[in-house]
Structures are given as C-alpha cells and as structure tokens.
Amino acid sequence: SVDCQRAHRSEHKPACKLGAAEIKERPNFKPPKPLELSPEARILRSEVISLKATALPLPTRNREERQAKVGQLRVLYEKVEAYEILLEEERLE
C-alpha cells in the first residue's frame with residue numbers, strides 16, 4: 001500500500017532500483033522515446049490545463065452558473081479530444 005511505501009521508503013527504494021536495473025538489462029528493452037510536441041500540441045496542452053483548472057464543477061444552485069460550467073466542460077472535452085488525436089498522429093509519424 002501507499003502508506004507502507006511511505007513508512008518504509010528506505011526499504012522499498014533499493015528494491016525498486018534493482019527491479020528497474022533488471023528490466024533495463026533485458027535484451028528486448030527499449031527506453032521510450034521522449035515525445036516532442038508540435039507547437040499546435042503545446043498550445044492545446046496549455047489550453048487543456050487551464051480549462052481543467054477553471055471548468056471544475058462547483059456546487060451551485062444558480063442555473064446560469066451551472067449552464068456556464070457545462071459549457072466550459074464541453075469545451076474542455078473537445079480540447080482534450082483534439083489534443084489526444086494530435087498526439088496519436090504525432091506518435092505515428
């Protein structure tokens with residue numbers, strides 16, 4: 001559990017490092033390539049991050065505020081979907 005790992009971090013850390021070293025020694029191990037984002041993907045990513053911060057649903061009884069939040073969440077969903085499609089296209093190139 002997470003609590004166990006936090007309480008016994010000094011004991012878990014060497015075991016994790018050993019496990020990672022063993023994986024890297026495998027003949028078919030290939031480290032993942034760092035993903036370089038296109039300018040368009042960077043812009044979408046920053047928009048998604050800022051929208052996530054502002055579009056979080058807040059409990060409200062005001063109908064207009066709820067509708068505004070729903071609109072923000074729709075925009076966020078569209079941006080996330082566009083970002084994921086763009087990332088997938090860049091990975092395939």
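Positions are given from 1 along the sequence. We use all heavy atoms of the structure for the numbers below, so side chains are in, but hydrogens, waters and symmetry mates are not. Computed from a predicted model, the values in this text were never measured in an experiment.
- Contacts of E47 classified as side-chain hydrogen bond (donor to acceptor under 3.5 Å, both in side chains), with partners at least two apart in sequence or in another chain: K79.
- Of all non-hydrogen atoms in L86 and L44, the two that sit nearest each other are CD2-CD1, 4.0 Å.
- Shown here are the side-chain contact (heavy atoms from CB on, under 4.5 Å) partners of E78, two or more places apart in sequence or in another chain: there are none.
- One finds the CD atom of E89 at 12.5 Å from the CD atom of E84 (value rounded to the nearest 0.5 Å).
- The environment of E64 atom CD is sparse: at most 12 non-hydrogen atoms of other residues, nucleotides or ligands sit within 6.0 angstrom.
- Scored by the side-chain contact (heavy atoms from CB on, under 4.5 Å) test, R45 finds L37, I49, Y83 as partners (sequence neighbours excluded).
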